[in-house]
Amino acid sequence: MSEIKIVIAGARGRMGSEAVKLVEDTKHFQLVAVVDHKYEGMRLNQIEGFNADVPVYTDIEKCFFETNPDVLIDLTTPEIGKVHTKKALLYGVRPVVGTTGFSEADLKELQQLTEEKGIGAIIAPNFAIGAILMMKFSQMAAKYFQDVEIIEQHHDQKLDAPSGTGLKTAEMISEVREEKQQGHPNEHEILPGARGANMNGIRIHSVRLPGLIAHQEVLFGGDGQTLKIRHDSYNRASFMSGVKLAVENVMNVDLLVYGLENIIE
Ligand SMILES: NC(=O)c1ccc[n+]([C@@H]2O[C@H](COP(=O)([O-])OP(=O)(O)OC[C@H]3O[C@@H](n4cnc5c(N)ncnc54)[C@H](O)[C@@H]3O)[C@@H](O)[C@H]2O)c1
Ligand SMILES: O=C(O)C1=N[C@H](C(=O)O)CCC1
């Protein structure tokens, strides 16, 4: 496999620092630079905890222009992730985006841009292979159980709610689930939000607590039975085999791929 030149945005973060290790440890990956909102002009190995001798940029366009990467791995914030993804496509750099919090309109806009530019991008709300299977199994189960609620649980530093995984699961379930108004027709919330967010009639409940990393349970209810499908990520290393797969695959696609379930067999 030929070498893939990579820029990581958000390299100092919880996910980004794990991605730096992945790129350093993968023979056919080469880290050429990182993007952060501070430390312009420094080398990454001047920042505590990092060994890679690559430049740190605060201006992503300057970074693309000077380092000419093949792939951008973005692990930043919902707001900045969108800007980075657009700029990558404009500069002919293939984005692999783990950043969550993109709206449907954002995804549509990015899809149009990939089509215009004829360049591939992968946006993956969850890189953990177990989480992809949890979503696929939930989609299978939804053919048989119309009544379903999603409980996603994350660490308390998370910015977006519901999680990207929760939204993607509801979307995948909606593709096969027969429309149904769940719960009692006259139910009402004494406290607003008590029944969670509502996506196509599917309730999504978001829990945020210190001590958690990323966890989701999809609960199905039927006549005299329940089915629970659960996935837990106990560390950020759990996401890295999916990041590797996405970087390798983005080199061979010329459209927007939303979700790793579209590239794993
Ligand atoms: N797809 C997945 O499997 C997966 C897994 C975990 C987290 N995530 C998502 O990844 C993102 C990052 O999560 P995290 O827990 O690592 O967050 P974090 O807060 O630890 O890291 C975010 C990083 O972005 C950097 N940053 C902020 N503003 C920036 C800017 N303007 N320019 C460049 N860098 C900037 C910060 O310095 C920080 O290093 C979130 O959106 C999260 O939801 C996705
Ligand atoms: O830690 C986070 O933040 C995570 N975000 C993703 C999401 O929103 O689904 C995936 C799991 C971790």
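Atoms within a ligand are numbered from 1 in the order they appear, just like the ligands themselves. Heads up: numbering here begins at 1 and tracks the sequence.
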Trainee: Name all pairs fulfilling the salt bridge (Lys or Arg N to Asp or Glu O under 4.0 Å) condition that reach into residues 211-228, sequence neighbours left out, sorted by first residue then second.
Mentor: E217-R230
Trainee: Determine the sole option in D74, V257, V250 for which the side chain to side chain contact (heavy atoms under 4.5 Å, CB included) test with V96 is passed.
Mentor: V250
Trainee: Starting from L209, walk the hydrophobic network (Ile, Leu, Val, Met, Phe, Trp, Tyr; side-chain heavy atoms closer than 4.5 Å) and list everyone else you reach, by chain and number.
Mentor: I151, V207, L212, L219
Trainee: Taking non-hydrogen atoms within less than 4.0 Å of ligand 1, which protein residues qualify?
Mentor: G10, R12, G13, R14, M15, V35, D36, H37, L75, T76, T77, I80, H84, G98, T99, T100, A124, P125, N126, F127, K158, D160, F239
Trainee: Which atom names give the shortest non-hydrogen contact between A197 and P162, and what distance separates them?
Mentor: CB-CG, 4.3 Å
Trainee: Measure the CD-CG distance between E115 and L110 for me, rounded to the nearest 0.5 Å.
Mentor: 11.5 Å
Trainee: Is the CD atom of Q181 crowded by more than 12 outside heavy atoms at less than 6.0 Å?
Mentor: no
Trainee: With the criterion set at N/O pairs under 3.5 Å, what does the list of contacts between the protein and ligand 2 look like, atom names and distances included?
Mentor:
unit_1, atom_1, unit_2, atom_2, d
ligand 2, 1 (O), H155, NE2, 2.8
ligand 2, 3 (O), K158, NZ, 2.9
ligand 2, 5 (N), K158, NZ, 3.1
ligand 2, 8 (O), T100, OG1, 3.4
ligand 2, 8 (O), K158, NZ, 2.7
ligand 2, 8 (O), G164, N, 2.8
ligand 2, 9 (O), G164, N, 3.3
ligand 2, 9 (O), T165, N, 2.8
ligand 2, 9 (O), T165, OG1, 2.4

Trainee: Using a cut-off of 6.0 Å, state whether more than 12 heavy atoms not belonging to E187 lie near its atom CD.
Mentor: yes
Trainee: As a test of understanding, state which of K136, K168, Q139 forms a side chain to side chain donor-acceptor pair (under 3.5 Å) with E261.
Mentor: K168
Trainee: Would you please say whether a donor-acceptor pair under 3.5 Å links the side chains of Q216 and T169?
Mentor: yes
